[in-house]
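As a basis for the values below, the full set of heavy atoms in this structure was taken, side chains included, without hydrogen atoms, waters or symmetry mates. All figures in this text were calculated on a predicted structure; none of them were measured in a lab.
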Amino acid sequence: MYLSLKNSKSIFFFLCLLAFLFAGNVLAQKNNNNLIHGQVTTRDGSPAAYSTIKLSNGRSARVDKEGRYTFRDLIPGTYVVTVSFVGLPEQSQTLSLAVGESAVADFVLSADGKTLDEILIIGQKYAITSKKESDYVARLPLKNLENPQVYSVVDKELIKEQMALTLEESFRNVPGAAPSKTGAGMPSFFSRGFQTSENFRNGMATYLRTGIDLAQVERVETIKGPTSTLFGAQMTSFGGIVNYITKKPYETFGGEVGYSMGSWDMNRLTADINAPIAAEEGLLFRVNLARQKENTFQDQGNNATVLIAPSLSYQVNDRLKLSLDADFYAVKGITPAGWMIDPKLGKTSFDQLHLDYRQSLNDNSLVSRQSSSNILFQADYKLSDQWQSQTKYAWGGGSYDDLYIFDMIWKTDSLVNRILRTFTDEESARKNFQQNFIGDFKIGQFRNRMVIGLDYMSNYRKTRYDGLGYGGDVFAPAQLYNLPGTPVIRIEDVNAVLAKRNTGQNITKEASYSAYVSDVFNVTDRLSAMASLRIDRIINEGLSNTLTRIEKKDRYNQTALSPKFGLVYQLLKDKVSLFANYMNGFKNIPGREQVDKTYSFFKPQRANQLEGGVKVELSDLFNATVSYYNIDVTNSLYTETRSTGNFTVQGGTQNSKGFEVELIGKPFTGFNYVASYGYNDNEFISGANVGKRAIGTPEHVLNIWASYALTDGSAKGLGLGVGNSYISKAFLDAANTFTLGAYNLLDATVFYNRPKYSVRVKANNILDKKYWVSDGYYARPQKPFNFMASVAYKF
């Protein structure tokens with residue numbers, strides 16, 4: 001005890017000393033009179049208000065209305081001053097500051113005042129500079145033309161113009177992406193023949209139990225293909241991943257408040273407030289808020305959501321930057337029922353079934369309560385001119401309190417079994433720690449950009465689940481010819497059934513330990529090669545139950561290697577590049593107890609992709625990506641019938657191939673477009689369902705959005721946007737006999753944008769199409785024609 005107390009005192013004294021030295025160092029660096037200032041103008045002499053100035057030490061500032069800026073309290077040294085304006089080339093100057101000195105850096109942008117005014121009014125939502133640059137896709141600062149991987153970006157300007165509210169709405173701008181949604185409402189989509197339902201937030205893992213409100217989102221990145229090499233196995237799909245970037249604070253006071261209303265009593269209030277705490281000392285704060293209530297288009301259903309998303313950053317000195325951001329999202333309402341079919345139904349589409357599209361067979365007393373939370377801490381430290389350290393810790397959690405999901409299973413064209421899946425409580429948490437060392441250096445005359453990383457992730461889930469109707473009838477089926485005679489299932493009926501059950505909570509825990517390295521090697525200034533490798537060790541503790549307390553046999557450990565290779569050759573420097581890649585993905589598979597009580601262990605499921613294509617970037621006039629891919633999946637599980645029963649065996653294979661095209665451009669002033677097409681051919685080669693397509697995966701996906709805004713005259717800022725999404729048919733069953741029909745979604749917006757305010761009106765599904773969206777398990781009917789109007793004030 002004495003030794004422990006003594007050591008504690010020593011540690012406490014040491015920490016206090018470190019804190020004192022750290023604080024003194026910070027104060028010494030902050031308390032001086034050095035400053036950098038200047039003016040930014042356009043080529044016709046107008047002040048370039050709203051430009052952004054950045055220093056090489058990480059500090060940034062917004063240029064004021066007179067085009068001026070100032071950085072105070074700088075330490076002596078050399079600084080690179082960079083000015084940027086969305087859609088224009090960056091400019092930089094290098095300055096040296098001695099003790100007590102000031103320095104001036106003036107800039108003239110390569111545009112006139114009219115061009116900047118156009119950007120402020122109608123935005124630059126399709127500009128190459130704002131759309132494709134990403135530090136998350138390769139975990140390296142690579143330009144799009146330098147990256148052998150295909151990815152898409154949907155930024156906040158396009159999101160605003162389309163009046164998108166949820167993450168899945170943004171997917172309509174992603175090549176080949178067909179919308180989907182999980183049973184509990186988490187956003188997902190089908191891509192390249194596979195469903196992706198996990199989401200990354202600022203490059204780190206989440207554990208959502210809700211959707212995602214776009215009020216907090218700066219941009220949405222979708223990274224195509226198997227991506228396990230950098231992002232691991234637990235969060236990735238073989239078709240790609242989603243990474244959404246949240247809004248960050250900046251150095252000037254500002255923001256926006258908005259109100260929206262629409263069909264089915266939709267009311268929405270949002271606020272985006274940026275309020276620097278001590279801008280000159282680099283301490284910044286921003287918060288995004290959203291509150292929404294809406295009824296459903298069906299006879300039963302409603303939901304209410306609340307979002308709180310604060311973000312804090314602190315530029316400690318020219319080497320160290322700390323940031324802390326979070327979001328808290330709660331949903332209360334009725335979970336839409338899932339429509340399913342009995343294998344013996346004998347019908348081929350929902351059009352042949354007798355149920356009104358607006359009839360839900362649900363009840364408003366079955367209120368579900370869901371929540372998701374995310375917290376991210378990040379420390380960026382400049383080790384040298386060639387290397388920087390990036391340390392991240394993320395916590396993501398979610399809960400059901402409670403969740404009620406109806407499975408409506410069609411037994412005949414007029415008789416529906418109502419099975420209720422109840423999660424009467426659930427807690428889930430995911431911790432993710434990541435350490436990256438990012439370098440940009442030369443070996444001889446050859447440039448290398450490298451990331452070396454360590455990744456730790458742990459998952460915890462505790463849930464109480466009852467399937468009321470699976471294993472025996474609980475509620476009377478719905479008779480579609482006699483709905484008035486069909487009993488309504490209310491919360492009192494559900495509680496009465498649950499009260500007679502003694503269900504324990506299932507607990508699952510697992511952790512993964514990973515290391516990875518990726519290097520981009522420039523053979524010449526036009527030819528580069530990428531080589532990457534990940535080693536991943538997963539430790540799964542299996543499933544336990546608080547009631548039975550029986551130790552399960554499903555604990556397992558697996559180790560996997562995931563390589564990735566890529567080549568890029570720029571036919572025209574910084575304009576046109578050819579690329580090719582090999583990428584690997586894997587999923588850990590737990591063991592299974594067989595019918596004869598033996599226990600089988602399995603290898604990780606594998607996906608190997610070969611891809612090639614071309615990327616084109618011609619300023620903001622035209623941007624294109626065309627790619628062809630071929631993905632082979634091995635080590636899949638399937639059921640094999642033997643004389644002693646059905647056994648789970650490994651060895652199933654699947655192939656998915658196709659091509660994708662993305663076109664983005666601005667052919668003339670005020671007009672912008674983004675268009676994409678994806679073709680996918682997938683089938684099971686061996687195992688179960690040989691020759692069949694995967695459930696929910698369409699063959700063709702076509703998306704286009706175009707807008708035009710006036711940039712001159714008294715009505716400048718007035719514009720029109722029109723978009724259409726075409727999704728071809730998909731199958732709801734593994735036998736490919738029941739079809740979800742193809743559909744077109746035609747949308748349009750009218751908007752009036754000014755620097756200080758905006759007014760927007762949107763019509764969705766103008767053709768009033770009836771359509772269903774599948775998640776690979778069941779389908780849900782979607783909204784018919786609806787409208788929305790919004791007004792926003794910017795300050």
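In terms of heavy-atom proximity, Val63 sits nearest to Ala48 at CG1-O, 3.6 Å. The minimum heavy-atom distance between Thr229 and Pro563, with the atom names listed, is OG1-O, 3.3 Å. What you find for Phe171 and Ala177 is that their closest heavy atoms are O-CB, 3.8 Å. In plain terms, the two heavy atoms of Gln390 and Asp380 that are nearest each other are CG-OD1, 3.4 Å. Between Ser311 and Pro249, the shortest heavy-atom contact is OG-CD, 3.2 Å. A pairwise comparison of heavy atoms in Ala98 and Asn34 identifies O-ND2, 2.6 Å as the closest pair.
Side-chain contact between Val81 and Ile36: present, with at least one pair of heavy atoms (C-beta onward) separated by less than 4.5 Å. Side-chain contact between Ile535 and Leu533: absent, with no pair of heavy atoms (C-beta onward) separated by less than 4.5 Å. Residues Thr94 and Ser56 form no side-chain contact, since every pair of their non-hydrogen atoms from C-beta on lies 4.5 Å or further apart. When side chains are defined from C-beta on, Tyr516 does not count as touching Ser562, because their heavy atoms never get closer than 4.5 Å. The shortest side-chain heavy-atom distance between Asn374 and Leu208 falls under the 4.5 Å cut-off. Inter-residue side-chain proximity for Phe200 and Glu221 is flagged as unmet; no heavy-atom pair is nearer than 4.5 Å. In this structure the side chain of Val576 never reaches within 4.5 angstrom of the side chain of Leu145, judged on heavy atoms. Looking at heavy atoms from C-beta onward, His37 lies in side-chain contact with Val104 at the 4.5 angstrom threshold.
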Apply side chain to side chain contact (heavy atoms under 4.5 Å, CB included) to residues Leu97 and Ile75 and explain how you reach the verdict.
CA-CA 8 Å; Leu97 280 181; Ile75 63 174; over 6 Å; no
Quick one: do Ile277 and Leu312 satisfy side chain to side chain contact (heavy atoms under 4.5 Å, CB included)? Show the steps, please.
CA-CA 9 Å; Ile277 299 172; Leu312 183 72; 3.8 Å; yes
Passes salt bridge (charged side-chain N to carboxylate O under 4.0 Å, His left out), Lys156 versus Glu218? Steps please.
CA-CA 5 Å; Lys156 62 180 180 180; Glu218 182 78 15; 3.3 Å; yes
Mind running side chain to side chain contact (heavy atoms under 4.5 Å, CB included) on Ile375 and Leu324 for me, showing each step along the way?
CA-CA 7 Å; Ile375 299 174; Leu324 178 67; 4.1 Å; yes
Report the C-alpha distance between Leu167 and Asn199 in whole Å, list the side-chain angles of each, state the deciding distance to 0.1 Å, and finish with yes or no for side chain to side chain contact (heavy atoms under 4.5 Å, CB included).
CA-CA 10 Å; Leu167 189 66; Asn199 300 276; 3.6 Å; yes
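Partners of Tyr582 by side chain to side chain donor-acceptor pair (under 3.5 Å), not counting sequence neighbours, listed by chain and number: Asn608. Scored by the side chain to side chain donor-acceptor pair (under 3.5 Å) test, Thr559 finds Arg537 as partners (sequence neighbours excluded). For Tyr513, the side-chain contact (heavy atoms from CB on, under 4.5 Å) partners two or more places apart in sequence, or in a different chain, are Tyr456, Ala511, Ile539.
Taking the six-membered ring for Trp and the full ring otherwise, the centers of Trp387 and Phe437 sit at least 6.0 Å from each other.
Phe107 contributes atom CZ, which lies 10.5 Å from atom CD of Glu90 (distance to the nearest 0.5 angstrom). Taken to the nearest 0.5 Å, the CG atom of Leu663 stands 5.0 Å off from the CZ atom of Phe622. Atom CG of Asp135 is separated from atom CG of Asn202 by 11.5 Å, given to the nearest 0.5 angstrom. Thr52 OG1 to Tyr69 OH: the interatomic distance, rounded to the nearest 0.5 Å, is 12.5 Å. Remark: Tyr314 OH to Ser323 OG distance equals 14.0 Å, nearest 0.5 Å. Here CG of Asp632 is found 9.0 Å from NZ of Lys657. Values are rounded to the nearest 0.5 Å.
A donor-acceptor contact shorter than 3.5 Å is absent between the side chain of Arg449 and the backbone of Asp440. With Arg139 contributing its side chain and Leu230 its backbone, the two residues share a donor-acceptor pair below 3.5 Å. Between the side chain of Lys615 and the backbone N or O of Gln570, no donor-acceptor pair lies under 3.5 Å.
The salt bridge (charged side-chain N to carboxylate O under 4.0 Å, His left out) analysis of residues 520-535, with sequence neighbours excluded, yields the pairs Asp455-Arg534, Arg534-Asp536. Counting only residues at least two apart or on different chains, no salt bridge (charged side-chain N to carboxylate O under 4.0 Å, His left out) pair has a member in residues 227-236. Note on residues 564-575: no pairs pass salt bridge (charged side-chain N to carboxylate O under 4.0 Å, His left out), not counting sequence neighbours.
Counting only N and O atoms by type, the side chains of Ser152 and Asn173 include no donor and acceptor under 3.5 Å apart. A donor-acceptor pair shorter than 3.5 Å can be found between the side chains of Thr246 and Lys248. Between the side chains of Asn581 and Tyr629, no donor N or O sits under 3.5 Å from an acceptor N or O. Between Asn432 and Gln434, the side chains place no donor N or O within less than 3.5 Å of an acceptor N or O (distance only, hydrogens not considered). At a cut-off of 3.5 Å, with distance as the only test, a side-chain donor of Ser518 or Ser532 sits close to an acceptor on the other residue. When only modelled atom types and interatomic distance are considered, Ser389 and Gln435 share a side-chain donor-acceptor pair under 3.5 Å. Residues Lys132 and Asn623 bring no donor and acceptor atom of their side chains to less than 3.5 Å of each other.
A cation-pi arrangement is absent between Arg59 and Phe71 under the rule of less than 6.0 angstrom and at most 45 degrees off the ring axis.
Asn588 pairs with exactly one of Glu510, Gln558, Gln234 by the side chain to side chain donor-acceptor pair (under 3.5 Å) rule, that one being Gln558. Here the options are Ile212, Val242, Asn243, Asp325, the test is side-chain contact (heavy atoms from CB on, under 4.5 Å), and the partner is Arg201; only Asp325 passes. Only one option out of Gln149, Lys224, Arg192 pairs with Glu611 in a side chain to side chain donor-acceptor pair (under 3.5 Å); it is Arg192.
Within a 6.0 Å radius of NZ in Lys392, other residues, nucleotides and ligands contribute more than 12 heavy atoms.
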